[in-house]
Amino acid sequence: LDARCFLLRGSRVRNVRWVYGLVVYTGRDTKIMMNARQTPFKRSNVERIVNRQLVTVFSVLIVACTVSTIASAVFESEHESLLESLLSFRVNSADTALRWLTFMILYNNLVPISLYVTMDLVRAVQAHLRSEE
C-alpha cells in the first residue's frame, strides 16, 4: 500500500463496480481533521460597537423599568385613599411583575431594532456598488 491507495475523508469513488476498503482512524490530529473546523463568524468593527451600545441601552431600559416600578409602588402606597376615591382603583402589591412589564412596553422605543435592518441594507448597497466597479 502506498499514498495513491488512500481516500481522504469526504472523498467519493465513482465509475467502479466494486471496491475493497479498510477504514483507518488516525484521530483528530490529522491535517484534514484540524482543517475541518467551522470558519469563524466575521463581524465588522461597527457591528461590535453597535452590539456593545445595544447592551448598554438594554441595561438602561431594565434600570428605568425597575426605578419606575418602585416609584409607582411608592406613589400608590402614599396616595392609596386618593386613588380609591377618585378612580375606584384598589392598590394591589402583587401586580409588581405586571407593572414592570407595563413600563417595559412603554419604554420599548429606547431600543433601536431598526438599526440592524438599516445596517444590513447599507451593507447590501455597498456590496452592490463594489461589484459594479
Side-chain angles (χ1 to χ4, degrees):
L1 291 175
D2 61 357
R4 293 179 299 148
C5 298
F6 282 97
L7 289 176
L8 297 176
R9 179 177 181 235
S11 301
R12 294 184 184 181
V13 179
R14 295 183 181 180
N15 300 329
V16 294
R17 289 183 172 226
W18 50 270
V19 173
Y20 287 115
L22 175 69
V23 176
V24 178
Y25 178 72
T26 57
R28 293 184 167 259
D29 295 331
T30 60
K31 187 175 183 179
I32 197 160
M33 285 299 288
M34 291 173 78
N35 289 332
R37 63 186 167 92
Q38 290 183 346
T39 58
F41 180 69
K42 296 180 181 179
R43 295 185 315 178
S44 68
N45 289 334
V46 173
E47 281 185 78
R48 286 189 200 112
I49 292 169
V50 168
N51 284 343
R52 273 189 253 132
Q53 296 297 328
L54 202 58
V55 168
T56 304
V57 168
F58 269 115
S59 301
V60 168
L61 178 66
I62 289 171
V63 168
C65 290
T66 304
V67 169
S68 297
T69 302
I70 292 169
S72 173
V74 168
F75 178 81
E76 287 178 4
S77 67
E78 289 178 358
H79 300 89
E80 183 176 1
S81 60
L82 180 65
L83 290 172
E84 285 181 9
S85 63
L86 291 177
L87 303 174
S88 301
F89 180 75
R90 180 148 179 94
V91 177
N92 188 358
S93 62
D95 291 338
T96 305
L98 183 62
R99 188 178 297 153
W100 191 88
L101 184 64
T102 301
F103 283 115
M104 178 67 88
I105 292 169
L106 287 172
Y107 297 150
N108 72 356
N109 290 332
L110 290 175
V111 182
I113 295 175
S114 64
L115 181 64
Y116 282 106
V117 175
T118 305
M119 284 176 44
D120 286 339
L121 184 65
V122 166
R123 190 177 305 126
V125 169
Q126 287 176 342
H128 177 70
L129 291 175
R130 275 189 229 123
S131 68
E132 285 184 354
E133 288 180 356

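Residue numbers start at 1 and run along the sequence shown.
Legend: residues meeting side chain to side chain donor-acceptor pair (under 3.5 Å) with T69, ordered by chain and number and at least two apart, are absent. Residues passing the side chain to side chain donor-acceptor pair (under 3.5 Å) test with N108: none are found, sequence neighbours excluded. Legend: residues meeting side-chain contact (heavy atoms from CB on, under 4.5 Å) with V16, ordered by chain and number and at least two apart, are V13, V19. By the side-chain contact (heavy atoms from CB on, under 4.5 Å) test, V67 is found to be paired with V63, residues two or more places apart in sequence or in another chain being considered. For F58, the side-chain contact (heavy atoms from CB on, under 4.5 Å) partners two or more places apart in sequence, or in a different chain, are L54, L61, V111. Under the side chain to side chain donor-acceptor pair (under 3.5 Å) criterion, E78 pairs with no residue, sequence neighbours left out.
Closest of all the heavy-atom pairs between S72 and R99 is OG-CD, 3.3 Å.
The distance from the CG atom of L121 to the CD atom of Q126 is 10.0 Å, given to the nearest 0.5 Å.
Under a 4.5 Å side-chain heavy-atom criterion applied to ILVMFWY residues, the cluster that includes Y20 comprises W18 as well. Clustering of Ile, Leu, Val, Met, Phe, Trp and Tyr side chains at separations under 4.5 Å leaves I49 isolated, with no partner residue. Grouping Ile, Leu, Val, Met, Phe, Trp and Tyr by side-chain contacts under 4.5 Å, direct or through others, puts V125 with L129.
When hydrophobic clusters are built by joining Ile, Leu, Val, Met, Phe, Trp and Tyr residues whose side-chain heavy atoms come closer than 4.5 Å, directly or via intermediates, Y107 is not grouped with V60. F103 and I70 are members of different hydrophobic clusters when ILVMFWY side chains are connected at heavy-atom separations under 4.5 Å. Under the 4.5 Å side-chain heavy-atom criterion for grouping Ile, Leu, Val, Met, Phe, Trp and Tyr, L106 is not connected to L101 through any hydrophobic cluster.
For residues 54-66, the pairs satisfying side chain to side chain donor-acceptor pair (under 3.5 Å) are T66-W100, with sequence neighbours left out. Counting only residues at least two apart or on different chains, the salt bridge (Lys or Arg N to Asp or Glu O under 4.0 Å) pairs with a member in residues 44-66 are E47-R123.
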